[in-house]
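Structure, as structure tokens:
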Amino acid sequence: MTMSMPFESFRTNTKPVNISALGSRFVAGEEVTLRLLQAKGLATRKDVPVKVLAKGELSKALTVHAHAFSAAARERIEAAGGSCKIIDG
């Protein structure tokens, strides 16, 4: 059997975290690190990079550390007064 489009070779293996989950689990001004994401059950596997996505709303300023951010998530985090920090690796 042949596949017309071999998508698996283009797929990235990341753990998506929505900004709505950040807003409901963290307080304003908090520094959201990978360790805290793991402690709150949002990034349970250490070997899988975390990507923050824009699903939901965020109304508090958070400093979010993640491996990647969607453009819309970055906009919403910054619009709420927060910042995005890229983690290498």
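Note that the structure is a prediction, hence the values are computed from the model and not measured.
Looking at every heavy atom in both residues, P49 comes nearest to N13 through CD-O, 3.3 Å. Residues P16 and L53 share a closest heavy-atom pair of CB-CD1, 3.5 Å. Closest heavy-atom contact between I19 and A73: CG2-CB, 4.2 Å. Across all non-hydrogen atoms, the minimal contact from S70 to A54 is OG-N, 3.7 Å. Between V27 and L62, the shortest heavy-atom distance links the atoms O-CD2, 3.2 Å. Looking at every heavy atom in both residues, A80 comes nearest to S59 through CB-C, 4.3 Å.
No side-chain donor-acceptor contact under 3.5 Å links E78 to the backbone of E75. In terms of modelled atom types and a separation under 3.5 Å, the side chain of H67 and the main chain of V50 share a donor-acceptor contact. Remark: side-chain polar atoms of R74 are not paired, donor with acceptor, to backbone N or O of F69 under 3.5 angstrom. Side-chain atoms of T44 never come within 3.5 Å of backbone atoms of G41 as a donor-acceptor pair (strictly under, hydrogens ignored). Looking only at distances, no side-chain donor or acceptor of R76 sits under 3.5 Å from a matching main-chain atom of K55.
Tracing side-chain contacts under 4.5 Å through hydrophobic residues (I, L, V, M, F, W, Y), one reaches I86 starting from L42; they form part of the same cluster. The cluster map of Ile, Leu, Val, Met, Phe, Trp and Tyr, joined by side-chain heavy atoms under 4.5 Å apart, puts I87 and V52 in the same cluster.
Annotation for K51: atom NZ does not count as buried by contact number, only 12 or fewer foreign heavy atoms lying within 6.0 Å.
Cation-pi geometry between K60 and F26 is not satisfied (NZ or CZ under 6.0 Å from the ring centre, within 45° of the ring normal).
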Please step through side-chain contact (heavy atoms from CB on, under 4.5 Å) for the pair L37 and L22, ending with a clear verdict. CA-CA 9 Å; L37 288 170; L22 298 177; 3.7 Å; yes
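For the side chain to side chain donor-acceptor pair (under 3.5 Å) with H65, the lone residue among K85, E31, R35 that qualifies is E31.
Not a single side-chain hydrogen bond (donor to acceptor under 3.5 Å, both in side chains) links Q38 to another residue, sequence neighbours left out.
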